[in-house]
Amino acid sequence: MNDRRNQLGMALFLIAEAVFFLLLILAFIYFRGPAPQGLGLPISFLYTGLLLASTFSMWRAAARGAAWKLWVAITIGLGAVFLLGQGSGYVRLFLDGVAIRQSLFDTTFFTLAGVHALHVLVGLIALAIIPITAIRTMALYWYFFACLWLVIVLVAYAGSVV
Amino acid sequence: MNSWLCAIDHKRIGILYMLSALLFMLAGGLEAMVMRVQLAAPNLKLIGPETYDQIFTMHGTTMIFLVAMPVLTGFGVYLTPLMIGANEMALPRLGAISFWLQFFGGVLLYFSFATGNAPAAGWFSYAPLSEKAFSPGPGLDYWALALLMIAGSSIGSAINLIVTIATERAPGMTMRLVPMFAWMTLVTSIMIVFALPALVASLVMLLSDRLLHARFFDAAQGGAPLLWQHYFWIFGHPEVYILVLPAFGMISEIIPVFSRKPIFGYPFVATSTVAIAFLSYGVWVHHMFAVALGRNFLAVFAAASMLIAVPTGMKIFSWIATMWGGSIRFTTAMLFAIAFLLEFTVGGLSGVAFATVPVDWQVTDTYFVVAHIHYVLVGGTVFALLAGVHYWFPKFSGHLLDEKLGRWSFWLIVLGFNTTFFVQHFLGLLGMRRRVYTYPDIPWFGALNLISTIGAGILVFGIFIFLCNIGMSLLFGAKAEEDPWNAWTLEWAATSPPALKNFAQPPEVRSRRPLWDRKHPEAPDWLALGRDA
């Protein structure tokens, strides 16, 4: 019963998040600014793959088997690699003079990426401290933000190619 | 004290919401009176234009985000579990954090006065005025951060209410038997989940612009100030219904009890609410008719806006038909409910006028807008709230309110409210601009504004009597029984005030009026009217 309440609550929260990100993505599409050199989309695809792979370990953890802690640790590891990898790429760009104030692409893309990264970070902290009873609810959160990142990368990639 | 600060019981949290709203209502009311005094005569210069801008911005923001939303949430959180026969909210700790986010959001907003630079771009803070270049002080940052907290709080409490109604209903209470107030709370909460994120997105973009020098709304750098208008009103128009649907719910509980008849057309009242919720997402551009968006574009939104009058009208007719042939008891609560029907209809009619594009062009940004919004939010929401307070106060406190003082406050509030705002329709038609701190001595302007200011004084006096009534009742009021109105919904089956555990045994529900069934075992609703009753 508790699981049902919590999962319904989380699902509603994710609906709110979906509306929020939809509007930020629409702003990105609306402005369609040219992408800066060196955004490094191929390497982004690698990190995106790692984040998507973490949904598998999350799913295994949510099965609440004997090794659930191990699967949670793998999920946290993959998520951390994603954050550090993306982050270091952005830091390199920032040092090259690419900043949120630089162009409309930077404004919309980095706001989107930054807000998404914040959610992944919160997810990592939550995964590190939650008890096994909350793991299924947390899994919903994790699936959502992993898939959302795929959408963001596809939109950004399509936007900068077309 | 500690038991209140750490409360997770839905009744305590509900009361905290109401007290917090009352505190901020005093601040917002004071701001309103400062404006009315400043506008009492032409060319008055009691306060300067900068101060006036801050005052009207804080008044609007306060009344919508720190008064109307929290007090409605408070009623929802207090009453919903009781009405559906539950002992607690589904997610009690989420309820507590939602309240405290709301309260400290309000405190943060008011802290901006201490910087000497309160926000001054109006309650919808249009870009580019709200951009750093035009509002360089910290006021707008306080505004945006405070609203972020409050939006988070609203989403949290809305999720909590939806989960509660979905999972905690008493055995036998199907969705077709849920009391109308809980129905409206459910629809409102779903709207919050879909609408408030648009506000959050707008605020994140605004803060990025202001603090990180992003370019979202900076036209000189290729940004689009219009994007703010679209996103804000995608939140802002559903917000209007978020503020009025719970009020509809209260009216739908009060009118039947004091007419001694079940509500007329329960399925229609419920489904028309859902229709309003859907339509309210397709009308936001009627706040932007003065922007040159293209004729066909405007026509679509004008038609959609007028369409909303249909489900709203259905409700009005349902309430009138409920009273028709009933044995009406004119308690103070019922008087406020009836006044609500009239005042809200005036606001609804000026709303339909606004949906007509040329009319909107003529009176946009004039006092006609001010009159309209106050007829909807005061004549609608506040009158329903006053009806609700008079109806449920015995349940909240265990004391009855004084009917004589209630009548005094009712007539003073009706007189004061209409005197204040009805003349503003004329001021708007005569061309008086809103949000300007003073006005020249043009024929009628001085006289009508003076009438409006006098009306505001009467309104404040009426509210004062109402607050006295509450204070006197808490100190010396007669004890309330558990069911002083001979009502039908489950909150009246609990003691007044309810114990920590609302119901000793889970109540049995077989119809829309479970308490009627309990009092009339010889003729229960479920026997007389079949399954759907």
Considering only heavy atoms from C-beta outward, does the side chain of A:F20 approach that of B:V204 to under 4.5 Å?
-> yes
What part of A:F13 gets closer than 4.5 Å to chain B, counting heavy atoms only: side chain, backbone, both or neither?
-> both
When rounded to the nearest 0.5 Å, the distance separating CE of B:M205 from OG1 of A:T111 is 8.0 Å
Do you know which two heavy atoms are closest between B:A201 and A:L23, and how far apart they sit?
-> CB-CB, 4.1 Å
Should B:H213 and A:I100 count as side-chain neighbours, where that means a heavy-atom distance under 4.5 Å?
-> no
Report the option among B:A224, B:A166, B:S202, B:A158 that has the most heavy-atom pairs separated by less than 4.5 Å from atoms of chain A.
-> B:A224
dist A:R101:CZ -> B:L212:CG (nearest 0.5 Å) comes out at 8.5 Å
Tell me, yes or no, whether the heavy-atom count around B:I97 atom CD1, taken from other residues, nucleotides or ligands under 6.0 Å, exceeds 12.
-> no
Rounded distance [0.5 Å steps], CG in A:L8 versus CD1 in B:I159 = 9.0 Å
Residue A:F94 excluded, over 12 heavy atoms near CZ under 6.0 Å = no
Rounded to the nearest 0.5 Å, what's the gap from CZ on B:F216 to CG on A:L104? Could you check?
-> 9.0 Å
From CD (B:Q221) to CD (A:Q102), nearest 0.5 Å | 9.5 Å
Hey, is the main chain of A:T107 close enough, under 3.5 Å, to the side chain of B:R215 for a donor-acceptor pair?
-> no
Could you tell me which portion of A:F21 (side chain, backbone, both or neither) has an atom closer than 4.5 angstrom to a non-hydrogen atom of chain B?
-> neither
Of B:V163, B:I190, B:I155, the one forming a side-chain contact (heavy atoms from CB on, under 4.5 Å) with A:L12 is B:V163
